[in-house]
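Below, read A as the first sequence line, B as the second, and so on, with proteins coming before strands; counting in each chain starts at 1. Bear in mind that the values here come from a model prediction, so they are computed numbers and not experimental data.
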Amino acid sequence: MNELLNKLAVAIARGKVNQKSPFPPDMKGEFGADELTKQALEESVAPAAILNDGLMIGMKTVGDKFESGKAFIPDMLIAAKAMNVAMVHLKPFFDSGEVELKGDFILGTVAGDLHDIGKNIVRMVLTGNGWNVIDLGTDVKPEQFIETLKEYPNAVIGMSALLTTTMMQMETTTTAIKEVSPDTKIYIGGAPISQEFSDKIGADGYFPDPNKFAKHLASVV
Amino acid sequence: MNELLNKLAVAIARGKVNQKSPFPPDMKGEFGADELTKQALEESVAPAAILNDGLMIGMKTVGDKFESGKAFIPDMLIAAKAMNVAMVHLKPFFDSGEVELKGDFILGTVAGDLHDIGKNIVRMVLTGNGWNVIDLGTDVKPEQFIETLKEYPNAVIGMSALLTTTMMQMETTTTAIKEVSPDTKIYIGGAPISQEFSDKIGADGYFPDPNKFAKHLASVV
Amino acid sequence: MKIFDKLTIDKHEELLMGISPHPVKCGNLLTIGDGKVYPEINFTLPTMLITQETMGEVRRHYSEMMTNILARAKALNVPGFVVEFEQLPPMTDTPEWGAEITELIKNELNKFHIETGIPNALRVTVLDLRDADHPPLLRTGLPTEKTLKGFELCAQAGADILSIESVGGKEVHDQALMYGDLYGIVASLGILAHRDMSWLWKQITEIANRYGIISGGDSACGFANTAMQLAGQGMLPSVLAAIDRAASAPRSLAAFEQGAVGPSKDCAYEGPIIKAITGYPISMEGKSACCAHFSPLGNIAAASADLWSNESVQNVRLLSGNAPEAFMELLSYDCRLYNTALDSGNGLMMRDMLVKSDVPHSVEALMLDPEVVIDISKSIVTNTGGYAQTKAAVAIAFSAIQKALDNNVLSISDTEKEWMTKMETAISSFGETESEAVEHLQMMYGDVFKLEAYGL
Amino acid sequence: MKIFDKLTIDKHEELLMGISPHPVKCGNLLTIGDGKVYPEINFTLPTMLITQETMGEVRRHYSEMMTNILARAKALNVPGFVVEFEQLPPMTDTPEWGAEITELIKNELNKFHIETGIPNALRVTVLDLRDADHPPLLRTGLPTEKTLKGFELCAQAGADILSIESVGGKEVHDQALMYGDLYGIVASLGILAHRDMSWLWKQITEIANRYGIISGGDSACGFANTAMQLAGQGMLPSVLAAIDRAASAPRSLAAFEQGAVGPSKDCAYEGPIIKAITGYPISMEGKSACCAHFSPLGNIAAASADLWSNESVQNVRLLSGNAPEAFMELLSYDCRLYNTALDSGNGLMMRDMLVKSDVPHSVEALMLDPEVVIDISKSIVTNTGGYAQTKAAVAIAFSAIQKALDNNVLSISDTEKEWMTKMETAISSFGETESEAVEHLQMMYGDVFKLEAYGL
Ligand code: B12
Ligand code: B12
């Protein structure tokens, strides 16, 4: 059983979606994340164990490789794809509350700004770390964050901005959110942002590196 | 008489201090600011006319040449020297109140900062524009400005700073002065300063160019 | 439509900075590509919102930046220069604002020219608003109207050169890049982006002609520079970013097929390929754009530049003065050096030093090596249509990298080497026809783009 | 005391960037002057107060700046580099603070060297507090004690190279400069400043020797650079600033007579003269110090540089990243270009391009022309004592300018020409002996300085 979860972790890390998928070539014909997850559930492995000791271990492996310069975003994306397929099988257990994700995370690039590459990486890393990420896309107005927060009242919020002219939207948005929900944690990022700026606008922190951010989140939530 | 003041203006502009002085070579043996001022007073020219239509015209001439790149600081300094000699003769009339300067101006480089070249140019330009400049030198603490203000309660204050680390002293000093004397006008300058910074710390203005500053002062006082 | 079926510059020794076979006359007596490299200074606002209320402050910033850079141009006695006004989103969104700033800058340039006699010109880069919709409609809708109106109003307000960093095809390329899908990259650039460029630049050229000004050129910034930035941050393989550069050239060439005559945009590192093919002058940016982005192309970017740019710098205070003035100084000295070399007959050797200094350190720099540039350019002109040209450029770029690795001109990590293998496989799997390639895009990224947006 | 009575480099062709007859080994396996030009990156705090309370913030800034510049050094694979930590007044005033930051930086450099193998070294420039008193006492008093303690503690804390921009004689020179009094300039530099340098550098060398580190060199920044800045702003004639440069060389040479071995300070534009005379390596700054000051010496400054510096940049955010990282990139590319030229045997021609590009534009640049440098250097070594050397340097510099004007190598305004005449008169009036010259100083500026401060 332990071995099964190991196999699952490897399938995730290598981005092996299912038996049919041709990628990666050296795993041709082998079971992928899809089959292995199903099998684990059939063998009555606890869904929480599948999530923590299989899927997230796999994501961590590729994340670590990425951090040490031995993998790139495409590798992480392919792993994330495999993970998504596996998550479909776990969904009933999340819905029933039997397994819990780390929490909800509302993410978006602020109003007037269309840069989303950085934001997408944050999404990927947080998902891989066991967060339920609600991605509002780009050009997100303050009201959209607030509306979504009503649906996910305990969510943490993350905003991205790449333009010096839209940075100021982070202030507007932070103020608006904190007004209706003072306890909501708001984190910001993007090339022009700094910790000073975060302090100035009353956000809860700035992180240039999504992996460090994920570690920070794990430590505070 | 008008011609005498013209001569005086030329003596100032050329930096001809007195008859004996060897400089400028082409004016050797001619009367200088010293003799011409004495002569004007003897001929009962009004001291205010001597100041306004002689000395200050001379300073303006060299100032204009300076602004158009046809003179340098040494030329201005030598003119200022000639003016100082002339002013000695006018002193009794200032003391008696018969003639008035534009006003008092307290000037200094802020605490922790020893750069004074820029400040000295400001002094020279304001003096040449008819201001009574009280120069407190460099490394001037807030208390020194406040003490001097007691002596010259209507004075305008000017501060200089060249280091980004001492810029902040301008804030401390401005706050301290405005606390005891909210109506005192405070102007700031120096390479790292900007109008934004001036606004931020509650000063009354920033000027990069002493000549423009003198014009501004003339227009507001 | 202009057809480029042979190279204008076919010997790499003739691909040189400052010298362009078809120089461009514009603005106040400036001739770009006439044997000298000129600074192209770019500047932008510091952190602030742009609204009706702050427009006074916005104008104050642009006036101040102009005063500063003109003072420096005079102090250093530059032989000529270009100012680029690159619009921020609200300035195209309310095109009148962009026009207002255009006029302000142009007036300063005119006054300066009368005072000093120094030749100059104004490039206005309108913001491409058309990706506001998801998927973008590109040919219709309000963002498209505003973008085109931006060109019209700025042409009216005094722009000398029109440019844009257009975004057609980017919604697909972004995805393909992230998945490292080279087939998707080639198809999105060679088909989608290429079709959008042709559509867009026909209209820009029409506007430019109507006002007697210059239809400048575009940049694959959102494509290959995004890849380069991400590679620089360790997010993508550098070899993929290098290939993406070559792949972007046919797309940017499309502007010239529709009547653009250069100078191409500073951030278009595909510029040397454009120059070899068309003979039109190009703008480039390298080390002296360190204010805007880090780069593996610091020196080599200058090798065939006709304008030398800092890309963009905010109006913030440095110890010397404001940053735009500081970067005007930097560009001016760089140009002085290149021009001294050109004037004394040492241009080629200066160029070779610039090239040799970077190539051993970066596979992306290799793509700008004049010999490689000529090879890629040839592969483009001997093929017809965006897709075929892009495939050909990619294949040649790939073998140039392979050759450089084999000859130990440069070396790459093992992780990067794995990507060479992956890309080789991908190259052999490219569909023969455009419709096969479009099918691939629909299958993989059908949800993010619309065929109609490309007239397909 | 070391006597320099002949030139170490006596042919101008051998006065070349990166190559020094007596290279300096220091820090983590760095050899300066070994045939390569290395970046010397300098950085400073953004607008903030330095107090006990803000020291946490101060440390955070220095850590961040180190992280950033090291990332860039690695990304660009620099062959080696120097970090200069130039203290701000409170850091020498509380020398423990200066030592604390020294240690922080040195630790980062050590770790980086272990990780990457890239050679590096740390220069610490202590602030000369000694002009706090008016007139300055220089040899006694609390500011003097603190300044010397600053050196001691920083040497202890890990500095590899010691430097200072010392201020002896400046109180007089400032006045003489303002009045355009060339006799006063020569006497204050050749006698007062020279005497103070000898006194001070004997002690700095003693401290350096005790810790087995390098006694670097000084800069006439407060003298000739002040003049250059003021000339740049139209406040002083450029011809006076140019002559002041030559006049400052014997003063800066005094450090080497007392045991300094280079690299001299980046802002010491008298560096090439020092290099010709002593053969020790020098640091220089030019266009890539546009963050710190504007300059008429943008390219030519690099002609014989062994370290290439940005002088100083605040830790502010630019679009690319923080400014110190951006300028590390800039310096690295400049050095790459120079080193490529050197490696391929084109060093001399690169140097000549750098020289030729600036000389026609500036009389101050002319002073750095290698041929002029050699002439001035010769005039110095063939005379004995600061005053005689300074007079000789001024006379040669003056005729070099005259010759360049006669040959139309460059041209100056009529107002500047008048100053040539004024200076010619002044040169012929210099007193024969030091005591005559000191008398001139006492008569003119007796109120601003004390003879005892100079051991007179
Ligand atoms: C790619 C790019 C584009 C692409 C965007 C593609 C896309 N889908 O996002 C395109 C071409 C479309 C584009 C358009 C424009 N751009 Co652009 N662009 C860039 C570029 C080259 C790279 C940005 C990027 O993706 N970086 C890589 C990612 C991974 O980094 P990142 O976003 O910083 O994210 C990382 C961290 O910051 C962090 N992070 C990010 N968000 C968050 C959030 C949280 C919560 C946390 C914890 C962390 C975090 O994690 C990420 C991973 O490490 C930058 C240059 C630069 N120096 O950044 C210019 C840049 C940002 N763009 C710029 C400009 C001017 C524009 C345009 C206005 C250009 C024009 N005139 O046409 C338009 C604006 C469009 C708009 N309305 O937004 C300027 C901004 C100047 C300014 N004054 O602000 C820049 C700086 C370029 C320059 N030097 O001039 N751009
Ligand atoms: C000359 C100079 C010195 C001389 C000063 C001589 C003197 N008696 O003043 C010396 C060598 C002593 C010196 C010392 C130092 N300096 Co210093 N210095 C300079 C330099 C080269 C020129 C300054 C100058 O005189 N400019 C010319 C004058 C005319 O311009 P200005 O002062 O700006 O004044 C004009 C306007 O601003 C305006 N103005 C000025 N004041 C006012 C006031 C009012 C009310 C108004 C209306 C207008 C106005 O009018 C003037 C005329 O137009 C600058 C470089 C630069 N870019 O500015 C560095 C510079 C200011 N110094 C610097 C440094 C670091 C120092 C030292 C700490 C160096 C060291 N490590 O040893 C010490 C500090 C000593 C101290 N405690 O203050 C840095 C500051 C960096 C920072 N973080 O802030 C600079 C920027 C150099 C650099 N690029 O690194 N310095």
Side-chain angles (χ1 to χ4, degrees), chain B residues 15 22-26 65-81 109-125 136-140 161-172 190-194 196-197 200-201 208-211, chain D residues 44-51 54 58 87-91 93 127-134 136 143 167 170-171 174-182 222 226-227 229-231 233-241 292-294 312 314-316 413-416 418-419 421-422 425 429:
Chain B
F23 183 85
D26 64 324
K65 278 180 80 177
F66 179 75
E67 272 199 81
S68 68
K70 297 212 184 316
F72 297 109
I73 291 182
D75 305 301
M76 293 196 12
L77 269 181
I78 290 166
K81 230 180 188 172
T109 301
V110 296
D113 201 320
L114 300 175
H115 292 82
D116 65 359
I117 297 174
K119 173 195 65 80
N120 294 348
I121 296 174
V122 173
R123 181 185 64 210
M124 205 163 62
V125 171
L136 302 179
T138 60
D139 194 11
V140 181
L162 264 284
L163 295 169
T164 49
T165 44
T166 55
M167 274 169 75
M168 301 311 291
Q169 286 292 355
M170 289 183 153
E171 182 162 14
T172 325
I193 312 301
S194 64
E196 280 97 326
F197 182 73
K200 207 189 109 194
I201 68 167
D209 175 344
N211 286 298
Chain D
T44 191
L45 296 173
T47 307
M48 65 177 290
L49 276 178
I50 306 174
T51 62
T54 63
V58 168
Q87 302 195 348
L88 289 159
M91 297 172 177
D93 201 53
L127 187 96
D128 195 345
L129 292 172
R130 297 175 305 146
D131 56 356
D133 299 311
H134 303 285
V167 296
K170 199 187 62 66
E171 71 281 26
D174 273 357
Q175 299 291 323
L177 192 61
M178 289 299 151
Y179 280 99
D181 166 19
L182 188 56
T226 300
Q229 284 289 323
L230 293 173
Q233 295 170 32
M235 307 224 169
L236 285 179
S238 294
V239 289
L240 182 65
H293 64 82
F294 301 126
S312 188
Q314 293 172 268
N315 194 30
V316 294
S413 72
D414 288 342
T415 323
E416 294 267 351
E418 284 169 28
W419 273 89
T421 316
K422 282 190 202 170
T425 314
S429 76

### Rounded distance (nearest 0.5 Å) linking atom CG of B:L114 with atom NE2 of D:H134
6.0 Å
### Query
With only heavy atoms counted, which part of D:P237 is less than 4.5 Å from chain B, the side chain, the backbone, both or neither?
both
### Message
Contact between D:L230 and B:F72 at the side-chain level, heavy atoms closer than 4.5 Å - yes or no?
### Response
no
### Per-residue contact mode, D:L88 against chain B (heavy atom under 4.5 angstrom)
side chain
### Close side-chain approach of B:I117 to D:M178, heavy-atom, < 4.5 Å
yes
### Task
Please test B:Q169 against D:L49 for side-chain contact (heavy atoms from CB on, under 4.5 Å), starting from the C-alpha separation and ending with a verdict.
CA-CA 8 Å; B:Q169 286 292 355; D:L49 276 178; 4.1 Å; yes
### Query
Looking at B:D75 and D:K422, what are the two nearest heavy atoms and their distance?
OD1-NZ, 3.6 Å
### Query
Between D:I50 and chain B, which part of the residue has a heavy atom less than 4.5 Å away: side chain, backbone, both or neither?
side chain
### Which atoms of D:Q314 approach chain B - backbone, side chain, both or neither, heavy atom under 4.5 Å
side chain
### Message
Could you check whether any side-chain heavy atom of D:P89 comes within less than 4.5 Å of a side-chain heavy atom of B:L163, counting everything from C-beta outward?
### Response
yes
#### Entry: Contacting moiety of D:D131, where chain B heavy atoms sit under 4.5 Å
both
### Message
What's the separation between atom OG1 in D:T47 and atom CD in B:E171, rounded to the nearest 0.5 Å?
### Response
11.0 Å
### Query
Measuring heavy-atom distances to chain B, does D:S413 have an atom under 4.5 Å in its side chain, in its backbone, in both, or in neither?
neither
### Task
Check each atom of B:D116 against the heavy atoms of chain D and say whether the ones under 4.5 Å are side chain, backbone, both or neither.
side chain
### Query
Tell me, side chain or backbone of B:A191 under 4.5 Å from chain D's heavy atoms, or both, or neither?
neither
### Task
Looking only at non-hydrogen atoms, find the nearest pair between B:P74 and D:L236 and report the distance.
CD-CD2, 3.5 Å
### Task
Identify which part of B:N120 has an atom lying under 4.5 Å from any heavy atom of chain D, answering side chain, backbone, both or neither.
neither
### D:P46 and B:T164, any side-chain heavy atoms less than 4.5 Å apart
no
